[in-house]
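One structure is given here, and the rest of the page talks about it.
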Number of protein chains: 2
Amino acid sequence: MDIAEVAKASGLPASTLRFYEEKGLIQSTGRNGLRRLFSANVIERLALISLGRSAGFSLDEIGEMFTPEGLDINRALLLAKADELDRTIEELAAMRDGLRHAAVCKAPNHFECPKFLRLLRIAGKNRFRQPNKLKENKLKRGVQKT
Amino acid sequence: MDIAEVAKASGLPASTLRFYEEKGLIQSTGRNGLRRLFSANVIERLALISLGRSAGFSLDEIGEMFTPEGLDINRALLLAKADELDRTIEELAAMRDGLRHAAVCKAPNHFECPKFLRLLRIAGKNRFRQPNKLKENKLKRGVQKT
DNA sequence: CCTTGACTTAAAGTCGACTTTAGCTTGTAT
DNA sequence: ATACAAGCTAAAGTCGACTTTAAGTCAAGG
């Protein structure tokens, strides 16, 4: 299949496919002139990559999970990520509760509110970040070059 | 207090404090020569900012919550973030379960495993990202300019 | 008075995952 | 045979939140 077909089947733009190939995450099976040719199983591989990304793996980490023959799941790494997710989930849950409290708390100064102070303590422990432009990108991507 | 004191009290590097001031998130009360002077309440403000970051707010969003007089918590925004966190937590939990399953699943091809396929479906819905270099940065920061 | 170390600024650099651009090349349809 | 849409490459740009760098200022201690 050519790159456009892969793009359509995987939902990823061609630029991303080229980028992934350059990174060694997928391979093309050959060329027809200049044009890359892919075998159908690249679709599964891309699904795996998307999955990994969703689970919080970096592209490099995902790359390390693949062996020449195919995917070689590193079980220890999976379990470590799962544990990491557990910790993240706990922190996010605490934050969520704190936010809901803050929204109704009527203490004039939040620093006098014990719940708020607890929240502050939790927050101090860790910093994580989330992007906030993902949907926009998805939308743009869908609309691109109509 | 001068910037070094604020840095120490807040745990943030001076460069970050200047950056936040430039962004309008904090203000200095004046100067002693070139040097910024801060009033003590900037510490609380910084705690609030760190809290917001931990809860997933962007600096711009945090900025919008402050009014000239101080902080003016936008309750609707807080609740919306809390709901967003709920959704994120659900997805992360599904991912975590999927990872744990994948680590023990012995199906030769994961695409034949229904649990795995369900995971794939969930992953397809959303993409979120997490950084992976935060601790390193923190460590480096502690060691800097010994 | 002079050194010095903490502070200042503006501008550039970093990180990860891509996207965009500019300028070519080519398979395919007419 | 020729046009042209679709592919190609290398390089630069983007986003957010900072950090780093280079070059300059200056208050305070000796």
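Each chain gets a letter, A, B and so on, in the order the sequences are listed, and its residues count up from 1. Just so you know, these numbers use all the heavy atoms, side chains as well, and skip hydrogens, waters and symmetry mates.
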Nearest to the Phe19(B) side chain among dC18(C), dT25(D), dT19(D), which nucleotide is it? dT19(D)
According to a strict under-4.0 Å criterion, is Arg36(A) in side-chain N/O contact with OP1 or OP2 of dT9(D)? yes
Leu25(B) CG to dC18(D) P: how many Å, rounded? 9 Å
Salt bridge present between Asp60(B) and Lys23(B) (N-O < 4.0 angstrom): yes
Just checking Ala14(A): base, sugar-phosphate only, or nothing, at a heavy-atom cut-off of under 4.0 Å? nothing
What is the distance, to the nearest angstrom, from the CG atom on Leu34(A) to the P atom on dT28(C)? 13 Å
Gap between atoms NZ and C1', on Lys23(B) and dC18(D) respectively (whole Å): 10 Å
Quick check for you: among dT9(D), dC7(C), dT20(C), whose closest atom lies nearest to any side-chain atom of Arg18(B)? dC7(C)
Atom-pair distance (CD on Glu21(B); C1' on dC7(C)), nearest Å: 13 Å
Of the options dG7(D), dT19(D), dC7(C), whose atoms approach the side-chain atoms of Ala4(A) most closely? dG7(D)
Those residues that, when tested against Asn109(A), pass side chain to side chain contact (heavy atoms under 4.5 Å, CB included) (two or more places apart): Phe111(A), Glu112(A), Glu44(B)
Ile3(A) has an atom CD1; how far is it from atom C1' of dG27(C), in whole Å? 15 Å
Specify the residue among Ser15(A) and Arg31(B) whose closest nucleotide of DNA chain C lies further upstream toward the 5′ end. Arg31(B)
Tell me whether the side-chain N/O atoms of Tyr20(A) come closer than 4.0 Å to OP1 or OP2 in dA17(C). no
Please report the distance, rounded to the nearest Å, between CG in Leu12(A) and P in dC18(C). 8 Å
Roughly how many Å is it from CG in Asp60(B) to P in dC18(D), rounded to a whole number? 12 Å
To the nearest angstrom, how far is Ile49(B) atom CD1 from dG16(D) atom P? 18 Å
Select from Phe38(B) and Phe57(A) the residue whose nearest nucleotide in DNA chain C is closer to the 5' end of that strand. Phe38(B)
Do Glu21(B) and Arg18(B) meet the salt-bridge criterion of a basic N to acidic O distance under 4.0 Å? no
What about Arg53(A), does its side chain sit under 3.5 Å from the base of dA17(C) through a donor-acceptor pair? no
Tell me if the side-chain of Arg35(A) makes a donor-acceptor pair with the base of dA6(D), cut-off 3.5 Å, by modelled atom types. yes
Arg87(B) bridged to Glu90(B) by N-O distance under 4.0 Å: no
List the steps, then state whether salt bridge (charged side-chain N to carboxylate O under 4.0 Å, His left out) holds for Asp2(A) with Arg36(A). CA-CA 6 Å; Asp2(A) 76 7; Arg36(A) 288 167 179 78; over 6 Å; no
Give a yes/no answer on whether the side chain of Thr16(B) brings an N or O atom under 4.0 Å of OP1 or OP2 in dT19(D). yes
